[in-house]
Amino acid sequence: MTGIDLSGRTAIITGASRGIGLAAAHAIAAAGGNVVLTSRSQESADAAAAQVGGSALGVAAHAVEEDAARRCIELTLEKFGSVDILVNNAGTNPAFGPVIDQDHARFRKTFDVNLWAPILWTSLAAETWMGEHGGSVINTASIGGLGFEPNLGLYNATKAALIHLTKQLALELSPRIRVNAVAPGVVRTKLAAALWQEHEGLLTQMTALNRIGEPEDIGAAVAFLASDAASWVTGETMVIDGGQRLGNAALFRQGVPVDA
């Protein structure tokens, strides 16, 4: 994190017990920031905070529960005195398969966690601190929200909506609050395991930079967007995918055109 300084700033990261959320916490802490990591259970939140070390704080807060979200922000203000950075990272995908095969319960859970939760937490952060003092919000979207693929239609619809919402909120909350998003490609996380675990070698060959993503790749981008290095960046979605959206790199190297 050379050149990124978040000293004196405090970040809340939802869904931070593992994967991208935990990597973002490490990156922000490495840049000097205080971090509050949320998870559905206090045990997993505490375990994640212990991994980050320093002044990191774990708080049990299911992302869609307003009382839990409000309590987390209150605890953050009591301990650190500010909420300068909000990383809306909590995500879920119980709706694997064709869109028309999904039921309302899976639809509701997917949209509640992936779309309503970022609205809820951003609203509370703006109300309690950022509206007056300024801040930076970073949403975890996905390259799935920029295209189409089998079996992930409902999940990708939430990410497409989150990308749209990022731009909407960037305008609504300007000029005090910057709102941006990251759109990871296939990253080595538990949530994305179905996309890489059984065929990582093939996916690696298809990716221009010849590997799948690591949580740290996304965590570093989150820290950048939270920092003054991105002080004139808002309403943007940063694609971090090793070139996966460019098309099949293995075929391209063989002289076969790809449709980007």
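In this structure the side chain of Val64 never reaches within 4.5 angstrom of the side chain of Leu120, judged on heavy atoms. Val83 has its side chain out of reach of Val36: every pair of non-hydrogen atoms, C-beta onward, lies at least 4.5 Å apart. Between Val59 and Leu37 the shortest side-chain heavy-atom distance does not fall below 4.5 Å. At a threshold of 4.5 Å between non-hydrogen side-chain atoms, the residues Leu57 and Val35 do not count as touching. Using a 4.5 Å heavy-atom cutoff, the side chains of Gln51 and His26 are in contact. Counting heavy atoms from C-beta on, the side chains of Asp217 and Val187 never come closer than 4.5 Å. Within the 4.5 Å cutoff, the side chain of Phe111 has heavy atoms near those of the Leu154 side chain. Between Arg178 and Trp232 there is no side-chain heavy-atom pair separated by less than 4.5 Å.
With side-chain heavy atoms closer than 4.5 Å counting as contact, directly or through intermediates, the hydrophobic cluster containing Ile143 also holds Leu146, Ile163, Val239.
Residue Ser136 comes nearest to Ala226 through the heavy atom pair OG-CA, 3.6 Å, listed as atom of the first residue, atom of the second, then distance. Between Asp241 and Arg245 the shortest heavy-atom distance is OD2-N, 2.8 Å. For the pair Ala95 and Thr110, the tightest heavy-atom approach, listed with the atom from each and the gap, is CB-OG1, 4.0 Å. Residue Gln244 comes nearest to Val186 through the heavy atom pair OE1-N, 2.9 Å, listed as atom of the first residue, atom of the second, then distance. Heavy-atom minimum distance, Ile4 versus Ala223: CG2-O, 4.0 Å. The minimum heavy-atom distance linking Ile12 with Cys72 is given by the pair CG2-SG, 4.2 Å.
In terms of modelled atom types and a separation under 3.5 Å, the side chain of Thr122 and the main chain of Ile119 share no donor-acceptor contact. Not a single donor-acceptor pair under 3.5 Å links the side chain of Asn93 to the backbone N or O of Leu152. Between the side chain of Asn180 and the main chain of Gly235, a donor-acceptor pair closer than 3.5 Å is present. Checking side-chain atoms of Ser39 against main-chain N and O of Gly15 turns up no donor-acceptor pair under 3.5 Å. In this structure, the side chain of Lys159 engages the main chain of Thr140 through a donor-acceptor pair within 3.5 Å. Using modelled atom types, no side-chain atom of Arg188 and backbone atom of Pro215 make a donor-acceptor pair closer than 3.5 Å.
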CA sep, side-chain torsions, deciding dist, call: Thr128, Leu77, side-chain contact (heavy atoms from CB on, under 4.5 Å):
CA-CA 9 Å; Thr128 57; Leu77 289 172; 4.2 Å; yes

Glu149 and Asn156: CA distance, side-chain angles, deciding distance, side-chain hydrogen bond (donor to acceptor under 3.5 Å, both in side chains) verdict:
CA-CA 8 Å; Glu149 56 192 321; Asn156 287 347; 3.0 Å; yes

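Counting heavy atoms of neighbouring residues, nucleotides and ligands inside a 6.0 Å radius, atom CD of Gln42 exceeds 12 of them. The number of heavy atoms from other shown groups lying within 6.0 Å of NE2 (His133) is above 12.
With rounding to the nearest 0.5 Å, the separation of CG in Leu246 from OG1 in Thr207 is 10.0 Å. Of the inter-residue distances, the one linking Ile73 atom CD1 with Thr10 atom OG1 reads 12.5 Å to the nearest 0.5 angstrom. Distance check: Glu172 CD to Lys167 NZ gives 14.5 Å after rounding to the nearest 0.5 Å. Put simply, CD1 on Ile218 and CD1 on Ile240 are 4.0 Å apart, with the number rounded to the nearest 0.5 Å. We find the CD-NZ distance between Gln102 and Lys109 to be 12.5 Å, quoted to the nearest 0.5 Å. Of the inter-residue distances, the one linking Asp5 atom CG with Arg9 atom CZ reads 7.5 Å to the nearest 0.5 angstrom.
The only member of Asp84, Leu86, Leu124 that meets side-chain contact (heavy atoms from CB on, under 4.5 Å) when paired with Met130 is Leu86.
Classification of Glu200 and Arg211 as a salt-bridged pair fails, no side-chain N sitting under 4.0 Å from a carboxylate O.
Two different hydrophobic clusters hold Leu115 and Phe96 under the rule that ILVMFWY side chains link at heavy-atom gaps under 4.5 Å. Following chains of ILVMFWY side-chain contacts shorter than 4.5 Å, one cannot reach Val222 starting from Trp121, and the two form parts of different hydrophobic clusters. Leu169 and Val87 are not part of a single hydrophobic cluster, where members link through side-chain heavy atoms under 4.5 Å apart. Grouping the Ile, Leu, Val, Met, Phe, Trp and Tyr side chains by contacts below 4.5 angstrom, directly or via other members, places Trp116 with Leu162. Criterion: ILVMFWY side-chain heavy atoms under 4.5 Å apart, direct or through other members. Under it, Leu173 and Val233 are not part of a common hydrophobic cluster.
Defined by atom type and a distance below 3.5 Å, a donor-acceptor pair is present between the side-chain atoms of Thr166 and Asn139. Residues Asn34 and Ser55 bring a donor and an acceptor atom of their side chains to less than 3.5 Å of each other.
By the salt bridge (charged side-chain N to carboxylate O under 4.0 Å, His left out) test, Arg70 is found to be paired with Glu66, Glu127, residues two or more places apart in sequence or in another chain being considered. Among residues two or more places apart in sequence or in another chain, the side chain to side chain contact (heavy atoms under 4.5 Å, CB included) test is passed with Asp103 by Ala105, Arg106.
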